[in-house]
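Take a look at the structure set out below.
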Amino acid sequence: MRIISICPSNTELLAFLGAEDLLVGIDDYSDWPSSITHLPRLGPDLSIRMDELEALKPDLVLASLSVPGMEKNVEELVKRKIPHLVLDPQTLEEIGHDLLTIGQACGIDAVPIQQEFLSVVADLKKRAAAVSSRPSLYWEWWPKPVFTPGRVNWLTQISELAGGRNVFEDVDSANIQTDWEDVRTRNPDYILLAWVGIMTSKVKPELVRKRPGWDEMKGFENIHVMEEELYCRPSPRLIEGAVKLGKLLHPEQYRDMELPRFIKAKQM
């Protein structure tokens with residue numbers, strides 16, 4: 001079977017199923033696991049070169065509406081009658097279901113990985129239930145204009161599983177455009193920078209510290225650069241991000257928690 005993935009999260013879902021060898025092409029941003037880096041690159045996830053994609057004669061293309069703007073690629077896949085799956089997960093449970101969906105499409109038994117994935121989610125829930133306080137977290141997806149996740153997003157769930165809460169959890173949306181003053185008035189305990197598509201080495205906390213009035217916030221002394229690949233992609237790697245966040249917020253509760261076997265196996 002010949003598969004093309006046109007966004008990183010879908011590439012990672014396929015890898016967790018042990019089926020990355022079925023890939024014949026990927027988008028420019030797919031970078032994990034290392035075994036896929038030799039594959040033909042078909043352009044940024046929002047500007048896939050469809051003629052090149054079609055020339056690879058895929059049996060299935062994996063797309064995802066978790067990437068805003070992906071609709072254009074999907075429309076082109078429909079127009080060209082290229083077989084495809086469109087995913088749109090917003091929760092860890094939906095990511096688990098996507099493992100089953102891709103597995104079924106590829107003839108792979110995805111149930112063992114899905115169950116292991118959900119068992120780790122259950123472990124995180126137990127640990128989170130035992131914390132004595134829940135600090136408020138401001139997640140920054142983009143600095144100017146400011147974009148941040150709302151209630152309908154996996155980062156709100158990740159925040160809860162790590163014993164915290166998304167300071168924008170009251171907004172019934174997956175993606176919110178707001179401004180510096182709105183964030184300042186919410187006064188989060190932590191400021192977490194996960195700029196989409198930007199390497200951690202390129203994220204500049206010093207620019208955030210210059211924002212008017214932000215030095216008055218509780219989170220001014222708790223600004224952290226978070227790996228985009230562990231928090232901004234709806235794949236099982238979010239579990240690794242949740243464990244890391246839990247150890248940051250509540251080290252006594254999460255200190256002994258190790259990464260699950262299915263994640264460790266892919267890191268080797």
Side-chain angles (χ1 to χ4, degrees), residues 5 7-19 32 62-68 70 85-106 108-131 134 137 139 141 148-176 192 194 196 226-246 249-250 253-254 257-266:
S5 170
C7 75
S9 59
N10 287 344
T11 305
E12 294 171 9
L13 284 165
L14 198 65
F16 277 111
L17 294 175
W32 188 94
L62 301 177
S64 178
L65 296 181
S66 65
V67 180
M70 181 65 74
L85 273 178
V86 183
L87 306 176
D88 188 18
Q90 295 297 339
T91 67
L92 294 175
E93 289 76 16
E94 289 175 356
I95 291 169
H97 185 267
D98 286 345
L99 286 167
L100 297 179
T101 299
I102 294 175
Q104 184 176 22
C106 300
I108 298 168
D109 181 10
V111 172
I113 288 295
Q114 186 234 19
Q115 291 301 308
E116 188 174 356
F117 172 68
L118 294 180
S119 71
V120 182
V121 174
D123 185 7
L124 284 163
K125 287 180 179 178
K126 289 180 181 178
R127 291 171 186 265
V131 302
R134 290 185 172 272
L137 315 176
W139 291 93
W141 269 343
T148 187
R151 184 183 65 79
V152 190
N153 184 266
W154 58 82
L155 277 182
T156 293
Q157 187 178 15
I158 291 295
S159 300
E160 294 171 354
L161 292 177
R165 64 176 183 84
N166 178 4
V167 76
F168 279 91
E169 66 182 0
D170 61 310
V171 182
D172 192 22
S173 176
N175 193 23
I176 303 162
L192 306 177
V196 177
M226 313 298 282
E227 297 93 328
E228 184 263 0
E229 64 270 21
L230 297 185
Y231 298 98
C232 298
R233 304 176 183 180
S235 91
R237 295 183 78 194
L238 288 174
I239 290 294
E240 185 176 349
V243 172
K244 183 173 183 177
L245 181 62
L249 302 180
H250 303 284
Q253 196 68 29
Y254 295 82
M257 187 170 186
E258 296 186 359
L259 293 178
R261 178 189 56 80
F262 73 92
I263 288 180
K264 283 184 175 180
K266 286 299 176 183

With a 4.5 Å heavy-atom cut-off, do Lys244 and Glu227 have their side chains touching? yes

Please list, chain by chain and in numerical order, all residues satisfying salt bridge (charged side-chain N to carboxylate O under 4.0 Å, His left out) with Glu116, sequence neighbours excluded. Arg261

Keeping Glu12 on the side-chain end and Arg237 on the backbone end, is there a donor-acceptor pair under 3.5 Å? no

Ala162 and Leu249 have their tightest heavy-atom pair at O-CD1, 3.6 Å

Considering non-hydrogen atoms only, spot the tightest contact between Ala128 and Gly163 and give its length. CB-N, 4.1 Å

Which heavy atom of Phe117 sits nearest to which heavy atom of Gly96, and what is that distance? CE2-N, 3.7 Å

Any donor-acceptor N or O pair under 3.5 Å, side chains Ser5, Asn10: no

Measuring from atom NZ of Lys125 to atom CG of Asp123, what distance do you get when rounded to the nearest 0.5 angstrom? 11.5 Å

Expected list for residues 108-115: side-chain donor-acceptor pairs under 3.5 angstrom, two or more places apart:
{"from": "Asp109", "atom 1": "OD1", "to": "Val111", "atom 2": "N", "distance (Å)": "3.2"}

What closest approach, in Å, do Ile158 and Ala242 show between heavy atoms, and which atom pair accounts for it? CD1-CB, 3.7 Å

Heavy-atom check, side chain of Leu17 versus side chain of Leu99, under 4.5 Å: yes

Give the C-alpha distance, both sets of side-chain angles, the deciding distance and a yes or no for side-chain contact (heavy atoms from CB on, under 4.5 Å) between Val121 and Glu93. CA-CA 9 Å; Val121 174; Glu93 289 76 16; 4.1 Å; yes

Side chains of Thr148 and Leu155: closer than 4.5 Å at any heavy-atom pair? no

Whether the Trp139 and Ser159 side chains hold a donor-acceptor pair (N or O, under 3.5 Å, no angle test) is what I'd like checked. yes

Can you give me the closest heavy-atom contact between Asn166 and Gly150, atom names plus distance? ND2-O, 3.6 Å

Are Val120 and Pro236 packed together at the side-chain level, in the sense that at least one heavy-atom pair is separated by less than 4.5 angstrom? no

For Ser9 and Ser235 the tightest heavy-atom approach is O-CB, 3.8 Å

Show the numbers, then the answer: is there a side-chain contact (heavy atoms from CB on, under 4.5 Å) between Leu245 and Tyr254? CA-CA 9 Å; Leu245 181 62; Tyr254 295 82; over 6 Å; no

Ring pair (Phe, Tyr, Trp, His ring centres under 6.0 Å), that's the test. Do Tyr231 and Trp141 meet it? Break it down for me. CA-CA 10 Å; Tyr231 298 98; Trp141 269 343; over 10 Å; no

What distance separates Ile176 CD1 from Arg151 CZ, expressed to the nearest 0.5 Å? 10.5 Å

Of Leu87, Thr101, Leu62, the residue whose pairing with Leu13 passes side chain to side chain contact (heavy atoms under 4.5 Å, CB included): Leu87

Just verifying a value: how many Å separate Met257 CE and His250 NE2, rounded to the nearest 0.5 Å? 14.0 Å

Rounded to the nearest 0.5 Å, what separates atom CG in Leu137 from atom CE in Met226? 8.5 Å

Please assess Leu85 against Asp98 for the test side-chain contact (heavy atoms from CB on, under 4.5 Å), listing each intermediate value before the final yes or no. CA-CA 10 Å; Leu85 273 178; Asp98 286 345; over 6 Å; no

Hey, is the main chain of Gln90 close enough, under 3.5 Å, to the side chain of Ser66 for a donor-acceptor pair? no

Does this structure show an ion pair linking Glu228 with Arg233, if we count only N-O contacts that are shorter than 4.0 Å? yes

In this structure, CG of Leu124 is separated from CG of Leu161 (nearest 0.5 Å) by 5.5 Å

Arg134 side-chain N/O to Glu160 backbone N/O, donor-acceptor pair under 3.5 Å: yes

